[in-house]
2 protein chains.
Amino acid sequence: MADLRRTGGETLLFLTDAQLRKGIEAMFFAYRGFTADPDRILERFGYGRAHHRAIHFINRSPGLNVNTLLTILGITKQSLNRVLRTLIEDGMVESRVGTRDRRERHLHLTERGAALEGDLSIAQQARMRDAFRRAGPDAVAGFRAVLEEMMDPELRRYFDADTGGET
Amino acid sequence: MADLRRTGGETLLFLTDAQLRKGIEAMFFAYRGFTADPDRILERFGYGRAHHRAIHFINRSPGLNVNTLLTILGITKQSLNRVLRTLIEDGMVESRVGTRDRRERHLHLTERGAALEGDLSIAQQARMRDAFRRAGPDAVAGFRAVLEEMMDPELRRYFDADTGGET
DNA sequence: TTGGAATGTCAACGAGGCTGACATAAACTG
DNA sequence: CAGTTTATGTCAGCCTCGTTGACATTCCAA
């Protein structure tokens, strides 16, 4: 696998172009697999990945406001608004006026929305769980470490500062 | 990191929903980082990710035919054709009629196309190389193992049957 | 010689990004 | 209190890149 060169007492990772290219293609192909299962469910509702992402992060942080979600998703408010509007119309998401600051809208999943989120999670987690099981615990730790190093610093800070804590 | 439970002599990976959710978000955030640098270059040419993907795989396998590229990319020929047409018009890609089977078109990068591919590769590989270095060789092996397990079987077969061989 | 495969093209459509401009309400500030 | 800033929503229009359907061309192979 990874080629180790010992150079003056220091262990270095020797990365050929071919190895890096394989890493790049692995990301591309794996991401396809990663989204394939939820995509099939979303299709039944006329939703796309944008809806999935919104639902995911609203479920992760109930009551988060629109601006925060905008930052997480890295899209414009116009794009998010289109998605959010359909989710609210469909009774998947509820938008509550803030109590402390009444300009803010706090987003929550409705019962229907939570049910859809559950279906999407089950599908996506199933593939990841299988992949984790087959690859083994050490591989999972490495997977997570590399992905984290690949994030933009701002997003990584958000990612690390999670509510869950475990991992 | 990964929680290990010893159960009747068998070591199992105990994967909580929260751990899987973190894995899912890691994929999402990391993929953003993964595409960010090439995207900036592509913008200067008026190209998108579809152009990048075509250029990448033509560079990887010079002379591959349109149908093979279609399978790799997982899109329709109409979508690919639009991208390919602009790349050919711009003198980035050359489409040569097949010798054995003259219905086939074999795709090659021109000098300009190869130069652009080089720029894109350098940008994307730089981030991956840094991530690999910071995470360490064991993590890289794990990263690759998990991603491979996440691919759809057909694509994984293609991925594994690589020309490069190493890693 | 005919059927089917590989490729290309045209048209239309939809999702989901983008920018710019503008409206509204609420909060903050002097 | 007046003016500014912030948070959000909305309208219009644009682009990329996916989709389907229909159809032409070329050429291999039975």
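In the text below, chain A, chain B and the rest are named by the order of the sequence lines, each starting its count at 1.
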If I take atom CG in residue B:Leu70 and atom C1' in nucleotide C:dG8, what distance separates them, rounded to the nearest angstrom? 12 Å
For atom CG of B:Asp39 and atom C1' of C:dG16, their distance in whole Å: 15 Å
Under 4.0 Å between a side-chain N or O of B:Thr76 and OP1 or OP2 of D:dG18? no
Residue A:Asn81, side-chain heavy atoms: nucleotide from C:dT7, C:dC10, D:dT10 that is nearest: D:dT10
Looking at every strand, decide which applies to B:His51 at a 4.0 Å heavy-atom threshold: base, sugar-phosphate, or nothing. sugar-phosphate
Let me know the distance between CZ of A:Arg105 and C1' of C:dA27, rounded to the nearest Å. 13 Å
So does B:Arg53 get a side-chain nitrogen or oxygen closer than 4.0 Å to the phosphate oxygens (OP1/OP2) of D:dG18? yes
In the structure I gave you, are the side-chain heavy atoms of A:Arg129 and B:Asp17 within less than 4.5 Å of one another anywhere? yes
Among C:dA6, D:dA7, C:dC18, which nucleotide has an atom closest to any side-chain atom of A:Asn67? D:dA7
More than 12 non-hydrogen atoms from neighbouring residues, nucleotides or ligands closer than 6.0 Å to CD on B:Gln78, yes or no? yes
Could one point to a donor on the side chain of A:Arg103 or the base of D:dT6 with an acceptor on the other under 3.5 Å away? yes
Can you find a donor-acceptor pair, distance only, under 3.5 Å between A:Gln78 side chain and D:dG13 base? no
Atom CD1 of A:Ile88 and atom P of D:dG9: how far apart are they, to the nearest Å? 7 Å
Side-chain contact check for B:Ala50: nearest option of D:dC17, C:dA27, C:dT19 is D:dC17
Kindly check if the number of other-residue, nucleotide or ligand heavy atoms within 6.0 Å of CZ (B:Arg134) is above 12? yes
A quick test of your reading: do over 12 heavy atoms of other residues, nucleotides or ligands sit less than 6.0 Å from CD of B:Glu43? no
Rounded distance in Å - CG (B:Leu69) to C1' (C:dA6): 14 Å
By nearest nucleotide on DNA chain C, pick out whichever of B:Ser95 and A:Val83 is the more 5' one. B:Ser95
Apply ring pair (Phe, Tyr, Trp, His ring centres under 6.0 Å) to A:Phe34 and B:Tyr31, showing your working. CA-CA 11 Å; A:Phe34 171 70; B:Tyr31 201 80; 8.8 Å; no
Atom CG of B:Leu80 to atom P of D:dT19: distance rounded to whole Å? 10 Å
Find the distance B:Arg102:CZ to D:dT25:P and express it as a whole number of Å. 17 Å
Taking the six-membered ring of A:Phe28, is NZ or CZ of A:Arg32 closer than 6.0 Å to its centre and within 45° of its axis? yes
Name the closest nucleotide to the A:Lys77 side chain, picking from C:dA27, D:dG18, D:dT10. D:dT10
Distance check needed: C:dG17 P versus A:Tyr47 OH, whole Å only. 15 Å
Is any side-chain N or O of B:Arg49 under 3.5 Å from a base N or O of C:dG17, one able to act as donor and the other as acceptor? no
With a 4.0 Å cut-off on heavy atoms, is B:Arg82 in touch with a base, just the backbone sugar-phosphate, or nothing at all? base
Closest of C:dC18, D:dG18, D:dA7 to the B:Ser79 side chain is D:dG18
Is A:Gly46 touching bases, backbone alone, or none of the nucleic acid, heavy atoms closer than 4.0 Å? nothing
Tell me whether the OP1 or OP2 atom of D:dA7 has a side-chain N or O from A:Asn65 closer than 4.0 Å. no
